[in-house]
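In this text, all values refer to a predicted model and were calculated from it rather than measured experimentally.
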Amino acid sequence: MNLNIVILTHNEEENLLACLESLHELAGDVFVVDSGSTDRTLDIAKAFGATTVFHPFETHARQWQWALNHLAQRYEWTLCLDADQRVTQELAAEICAVLDGKHVDALAEIDGLYMKRRQIFRGKWVRHGGYYPKYLLKLFRRQKVKIDLGDLMDHHFYVEGRVAKLRHDIIEENKKENDIAFWIEKHIRYATLLAQEELQRRARNDHEVLRPRPMGNPDQRALWLKRIWRRLPLYVRPFMFFVYRYFFRLGFLDGKEGFVFHFLQGFWFRLLVDIKIDEMRTAARGERVPAVGLETARGVRRLD
């Protein structure tokens with residue numbers, strides 16, 4: 001199949017095999033870009049026949065930018081996955097049908113294809129709270145894609161041309177997060193990065209690589225909503241977001257694990273980001289804060 005498939009990894013032995021096995025029907029050129037795994041990640045990738053490449057990690061956005069710029073991709077279309085994501089059989093068949101050459105005319109003006117993410121948290125599908133469907137741009141013409149290097153915590157792929165939506169799901173399930181301590185420790189790190197990112201975006205007046213629009217494609221709408229979010233008062237917005245998600249968007253229907261997810265991801269994590277922003281603002285004013293090694297809004301690292 002005329003398709004490049006790129007996967008980022010770092011100690012993903014618990015997730016990578018399921019990701020790779022979901023790609024059998026696609027059978028494109030598979031690249032695994034690893035940032036120094038010390039477990040069986042590379043053994044699993046090589047056993048599958050993937051091309052493995054090492055590159056040191058800075059941020060997800062920069063790692064993806066390096067991968068798309070430097071891998072020897074032979075084909076026009078690229079599918080980008082995290083190691084904890086897998087393609088359903090229905091989605092694989094749909095991708096094959098779209099790219100098999102029979103839809104050349106319909107595909108000619110399309111530069112990117114969105115797919116629906118199905119989030120699995122500790123074995124539970126998070127179906128409510130506005131969390132499904134969430135459309136992710138994961139398949140695109142590699143010459144048309146843009147990445148916002150201002151994304152410090154997460155990453156997003158953007159195209160300015162026409163896009164379309166596929167009907168079937170991509171599953172995201174990080175098996176390491178079955179240990180709730182892993183999820184919490186990871187999101188403590190993410191909170192610091194997201195706080196830094198928000199302060200930097202405020203300082204440069206929200207210059208994104210794609211124009212935010214309330215009626216645009218899924219990424220344009222998300223960027224527009226993020227602009228509104230950054231204008232809301234700290235410490236109040238996590239409460240508002242949790243109430244909206246859990247009650248108005250029926251997150252309570254996701255049961256026990258759903259409550260844990262919506263509370264931690266929709267409230268606790270957002271509150272932690274606000275606390276970090278507050279600390280960084282204090283540090284930027286030259287006042288002492290009880291945090292060690294935080295990067296301030298001015299880019300000065302405090303070591304007290």
| said: Do Lys146 and Phe157 form a cation-pi contact, if we require the NZ or CZ to be under 6.0 Å from the six-membered ring centre and within 45 degrees of the ring's axis? | reply: no
| field | Atom pair CG (Asn4) and CZ (Phe140), whose distance is rounded to the nearest 0.5 Å | value | 9.5 Å
| side-chain hydrogen bond (donor to acceptor under 3.5 Å, both in side chains) assessment of Ser35 paired with Gln63 | CA-CA 9 Å; Ser35 54; Gln63 192 78 339; 4.6 Å; no
| Rounded to the nearest 0.5 Å, how far apart are CG of Leu99 and CG of Leu113? | 7.0 Å
| Are the charged groups of Glu185 and Arg189 less than 4.0 angstrom apart, N to O? | no
| More than 12 non-hydrogen atoms from neighbouring residues, nucleotides or ligands closer than 6.0 Å to CD on Gln89, yes or no? | no
| Between Asp169 and Thr88, do the side chains contain an N or O donor and an N or O acceptor separated by less than 3.5 Å? | no
| said: Counting C-beta onward and ignoring hydrogens, is there a side-chain heavy-atom pair between Ile147 and Tyr158 closer than 4.5 Å? | reply: no
| query | In terms of ring plane angle, is the pair Phe57 and His60 parallel, tilted or perpendicular, where the classes change at 30° and 60°? | reply | perpendicular
| request: Grab the two heavy atoms, one from Ala83 and one from Thr9, that are nearest each other, plus how far apart they are. | output: CB-CG2, 4.1 Å
| Rounded distance (nearest 0.5 Å) linking atom CG of Asn11 with atom CD of Glu13 | 7.5 Å
| Same cluster for Val159 and Leu107 if Ile/Leu/Val/Met/Phe/Trp/Tyr side chains link at under 4.5 Å? | no
| request: Assess the side chains of Asp151 and His156: does a donor N or O sit below 3.5 Å from an acceptor N or O? | output: yes
| said: Would the distance check show the side chain of Asn69 and the main-chain N or O of Gln65 forming a donor-acceptor pair, the cut-off being under 3.5 Å? | reply: yes
| salt bridge (charged side-chain N to carboxylate O under 4.0 Å, His left out) with Arg141: which residues, sequence neighbours excluded? | Glu76, Asp111
| request: Mark yes or no for whether Arg122, through its side chain, and Asn178, through its backbone, hold a donor-acceptor pair below 3.5 Å. | output: yes
| task | Mark yes when over 12 heavy atoms from residues, nucleotides or ligands other than Lys116 sit less than 6.0 Å from its NZ; otherwise mark no. | result | yes
| said: Applying a strict under-4.5 Å side-chain criterion to I, L, V, M, F, W and Y, I'd like to know whether Leu225 and Val209 cluster together. | reply: no
| said: Assess whether a salt bridge exists between Asp84 and Lys175, defined as any Lys/Arg side-chain N lying under 4.0 Å from an Asp/Glu carboxylate O. | reply: no
| request: State, to 0.1 Å, how close Cys80 and Thr78 come at their nearest heavy-atom pair, and which atoms those are. | output: SG-CG2, 3.7 Å
| query | Are Phe182 and Trp268 grouped together when hydrophobic residues (ILVMFWY) are joined by side-chain heavy atoms under 4.5 angstrom apart? | reply | no
| query | Between OG1 of Thr192 and NE2 of His187, what distance do you get to the nearest 0.5 Å? | reply | 12.5 Å
| query | Would Arg237 and Glu198 pass as an ion pair if we require N to O under 4.0 Å? | reply | yes
| note | Taking every heavy atom of Val126 against every heavy atom of Tyr132, the minimum-distance pair comes out as O-CB, 3.8 Å
| task | Take Lys176 and Glu14 through the test salt bridge (Lys or Arg N to Asp or Glu O under 4.0 Å) and record every step on the way to the result. | result | CA-CA 7 Å; Lys176 293 183 286 186; Glu14 295 181 54; over 6 Å; no
| Just by distance, with hydrogens left out, do Gln85 and Lys138 show a side-chain donor and acceptor under 3.5 Å apart? | yes
| task | Answer yes if Val145 and Ile5 sit in the same cluster of Ile, Leu, Val, Met, Phe, Trp and Tyr residues linked by side chain heavy atoms under 4.5 Å apart, and no otherwise. | result | no
| field | Minimal non-hydrogen separation, Ala45 against Leu20, with atom names | value | CA-CD1, 4.0 Å
| message | Are Val260 and Leu264 packed together at the side-chain level, in the sense that at least one heavy-atom pair is separated by less than 4.5 angstrom? | response | yes
| Polar side chain donor-acceptor pair, Arg249 to Tyr244, under 3.5 angstrom | yes
| query | Does atom CZ of Arg40 have more than 12 heavy-atom neighbours, drawn from other residues, nucleotides or ligands, at distances under 6.0 Å? | reply | no
| Residues Glu12 and Ser37: side-chain donor-acceptor under 3.5 angstrom | no
| said: Taking the cut-offs as 6.0 angstrom to the six-membered ring centre and 45 degrees off its axis, would you call Arg127 and Trp125 a cation-pi pair? | reply: yes
| said: Donor-acceptor check, side chain of Asn15 to backbone of Asn174, threshold 3.5 angstrom: yes or no? | reply: no
| note | Between Val273 and Ala195 the two heavy atoms that sit nearest each other are O-CB, 3.8 Å
| request: Measure from the side-chain N and O atoms of Arg221 to the backbone N and O of Gly216, and report whether any donor-acceptor pair falls under 3.5 Å. | output: yes
| Salt-bridge criterion met for Arg211 and Asp219 (N-O under 4.0 Å) | no
| message | Can you tell me how far apart CG (Leu81) and CD (Glu172) are? Round to the nearest 0.5 Å. | response | 10.0 Å
| said: Could you check whether any side-chain N or O of Glu94 sits under 3.5 Å from a backbone N or O of His168, counting only pairs where one atom can act as donor and the other as acceptor? | reply: yes
| Do you know which two heavy atoms are closest between Leu68 and Gln73, and how far apart they sit? | O-NE2, 3.3 Å
| Would you call Glu21 and Arg86 a salt bridge, using N to O less than 4.0 angstrom? | no
| Are any of the side-chain heavy atoms of Leu194 and Leu152 separated by less than 4.5 Å? | no
| task | Determine whether Ile184 and Phe269 make a side-chain contact, defined as any pair of heavy atoms from C-beta on separated by less than 4.5 Å. | result | no
| task | Rounded to the nearest 0.5 Å, what's the gap from CG on Asn217 to CG on Leu223? Could you check? | result | 8.5 Å
| message | Taking the side chain as everything from C-beta on, heavy atoms only, tell me whether Leu139 gets closer than 4.5 Å to Tyr114. | response | no
| Partners meeting side chain to side chain contact (heavy atoms under 4.5 Å, CB included) with Arg245 (sequence neighbours left out) | Tyr131, Phe241, Phe261, His262, Gln265
| said: Donor-acceptor check, side chain of Asp29 to backbone of Arg74, threshold 3.5 angstrom: yes or no? | reply: no
| Going by atom types only, do Asp154 and Tyr190 share a side-chain donor-acceptor pair under 3.5 Å? | no
| said: Below 30° counts as parallel, above 60° as perpendicular, anything between as tilted: where do the rings of Phe259 and Phe242 land? | reply: perpendicular
| request: Group every Ile, Leu, Val, Met, Phe, Trp and Tyr by side-chain heavy-atom contacts under 4.5 Å, then state whether Val98 and Val87 land in the same group. | output: yes
| said: Just checking Phe239: does its CZ atom have more than 12 heavy atoms from other residues, nucleotides or ligands closer to it than 6.0 angstrom? | reply: no
